[in-house]
Visitor: 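What follows is a single structure, and I will ask about it in a moment.
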Amino acid sequence: MALEHLWAAWRADYMAGTTKAPTPTDGQGCVFCRILAGGEDDEERLVLWRGRHVFALLNLFPYTSGHLMVLPYRHVGEIEELESDEAAELWSGVTDAVVALKAAYGPEGLNLGANLGRAAGAGVLGHLHVHVLPRWFGDSNFMTPVAEARVVPEELSATARRLRAAWPAPG
């Protein structure tokens with residue numbers, strides 16, 4: 001089956017004239033900033049790892065067991081706003097997350113993704129985060145489209161314990 005392209009060049013003027021939705025610049029109202037401001041009880045907050053500039057935590061609404069996010073401490077929404085040391089540690093943290101997920105779960109594949117902006121599907125605007133989640137053949141079933149529900153077979157606290165134990169040691 002061939003994909004057909006429909007050209008609508010007149011839409012370019014409309015897109016150029018749209019305005020960006022405002023995003024908080026101070027972290028007020030940001031769920032990630034609230035997690036960080038809540039102290040260092042990593043177990044309670046499902047924080048898996050802390051680096052110098054970046055940390056990893058479980059997604060409270062996972063697509064699969066092991067769905068986690070890696071993000072900077074600093075409230076920054078655009079990838080180009082990261083300092084070079086933040087960007088380097090972000091990618092290193094994503095790599096360590098992949099290693100931990102492979103060791104803890106043995107997935108058949110992984111998804112990595114960052115939704116940059118509301119139009120791209122960002123649920124938390126203003127605080128950049130990279131999703132890392134394990135995938136298996138057949139892990140999507142009829143429950144999501146039919147029942148608007150996901151079946152996640154493991155409690156988040158158990159997932160956190162497994163991933164902390166599998167997280168690579170620094171160095």
Visitor: Is there a continuous path of hydrophobic side-chain contacts, each under 4.5 Å between heavy atoms, that joins L68 to L60?
Guide: yes
Visitor: In terms of hydrophobic clustering (I, L, V, M, F, W, Y; side-chain heavy atoms under 4.5 Å; direct or indirect links), are L57 and V31 co-clustered?
Guide: yes
Visitor: Quick test of your reading of the model: are R74 and E86 salt-bridged, counting only N-O distances below 4.0 Å?
Guide: yes
Visitor: Test ring pair (Phe, Tyr, Trp, His ring centres under 6.0 Å) on F32 and H129; report intermediate values, then the result.
Guide: CA-CA 9 Å; F32 301 134; H129 53 285; 4.9 Å; yes
Visitor: Could you tell me the separation between the OG atom of S157 and the CD atom of E44, rounded to the nearest 0.5 Å?
Guide: 12.0 Å
Visitor: When rounded to the nearest 0.5 angstrom, what distance separates CG in L46 from CG in L163?
Guide: 10.5 Å
Visitor: If two hydrophobic side chains count as joined below 4.5 Å and joins carry through other members, does V99 share a cluster with V94?
Guide: no
Visitor: Compare all side-chain heavy atoms of L156 with those of P62 and state whether any distance is below 4.5 angstrom.
Guide: yes
Visitor: Is any side-chain heavy atom of R52 closer than 4.5 Å to one of D85?
Guide: no
Visitor: Report whether L112 and Y105 are members of the same hydrophobic cluster (ILVMFWY, side-chain heavy atoms less than 4.5 Å apart, transitive linking).
Guide: yes
Visitor: For residues L36 and F55, determine if any side-chain heavy atom of one lies less than 4.5 Å from a side-chain heavy atom of the other.
Guide: yes
Visitor: Could you check if a side-chain atom of W136 sits within less than 4.5 angstrom of a side-chain atom of T64, using non-hydrogen atoms only?
Guide: yes
Visitor: On a heavy-atom basis, which atom in N115 and which in A122 lie closest, and how many Å separate them?
Guide: O-CB, 3.2 Å
Visitor: Over all heavy atoms of both residues, which pair between P134 and S65 is shortest? Give the atoms and the distance, please.
Guide: CG-O, 3.1 Å
Visitor: R118 vs L125, test: side-chain contact (heavy atoms from CB on, under 4.5 Å). Steps then yes/no.
Guide: CA-CA 7 Å; R118 186 180 311 277; L125 294 171; 3.0 Å; yes
Visitor: Applying side-chain contact (heavy atoms from CB on, under 4.5 Å), run through Y73 and V54 and close with a yes or a no.
Guide: CA-CA 5 Å; Y73 291 115; V54 174; 5.7 Å; no
Visitor: Kindly determine whether E43 and R161 satisfy salt bridge (Lys or Arg N to Asp or Glu O under 4.0 Å), including the steps that lead there.
Guide: CA-CA 9 Å; E43 245 177 79; R161 283 191 299 277; 5.8 Å; no
Visitor: Test your reading of the model: is there a side-chain donor-acceptor pair from T95 to the backbone of W91, 3.5 Å cut-off?
Guide: yes
Visitor: Using side-chain heavy atoms (C-beta onward) and a distance below 4.5 Å, is E78 in contact with L128?
Guide: no
Visitor: Looking only at non-hydrogen atoms, find the nearest pair between A97 and V70 and report the distance.
Guide: CB-CG2, 4.2 Å
Visitor: Is there a side-chain contact between R34 and C30 in this structure, where contact means two heavy atoms from C-beta onward sitting under 4.5 Å apart?
Guide: no
Visitor: Return yes if some donor-acceptor pair links the side-chain N/O of H67 with the main-chain N/O of H131 below 3.5 Å, else return no.
Guide: no
Visitor: Hey, quick one: are V76 and I79 part of the same hydrophobic cluster, counting side-chain heavy atoms closer than 4.5 Å, chains of contacts allowed?
Guide: yes
Visitor: Taking all atoms of both residues into account, what is the closest heavy-atom pair of H127 and C33, and its distance?
Guide: ND1-SG, 3.5 Å
Visitor: Let's go through M69 and V130 carefully: what are the C-alpha distance in whole Å and the side-chain angles of both, what is the deciding distance for side-chain contact (heavy atoms from CB on, under 4.5 Å) to 0.1 Å, and is it a yes or a no?
Guide: CA-CA 5 Å; M69 297 170 290; V130 178; over 6 Å; no
Visitor: Taking all non-hydrogen atoms of both residues, which atom of N111 and which atom of R135 are closest, and how far apart?
Guide: OD1-NH1, 2.8 Å
Visitor: Test T159 against L58 for side-chain contact (heavy atoms from CB on, under 4.5 Å), laying out the working first.
Guide: CA-CA 8 Å; T159 301; L58 285 182; 3.7 Å; yes
Visitor: How many angstroms lie between CG in L71 and CG in L90, if you round to the nearest 0.5 Å?
Guide: 8.0 Å
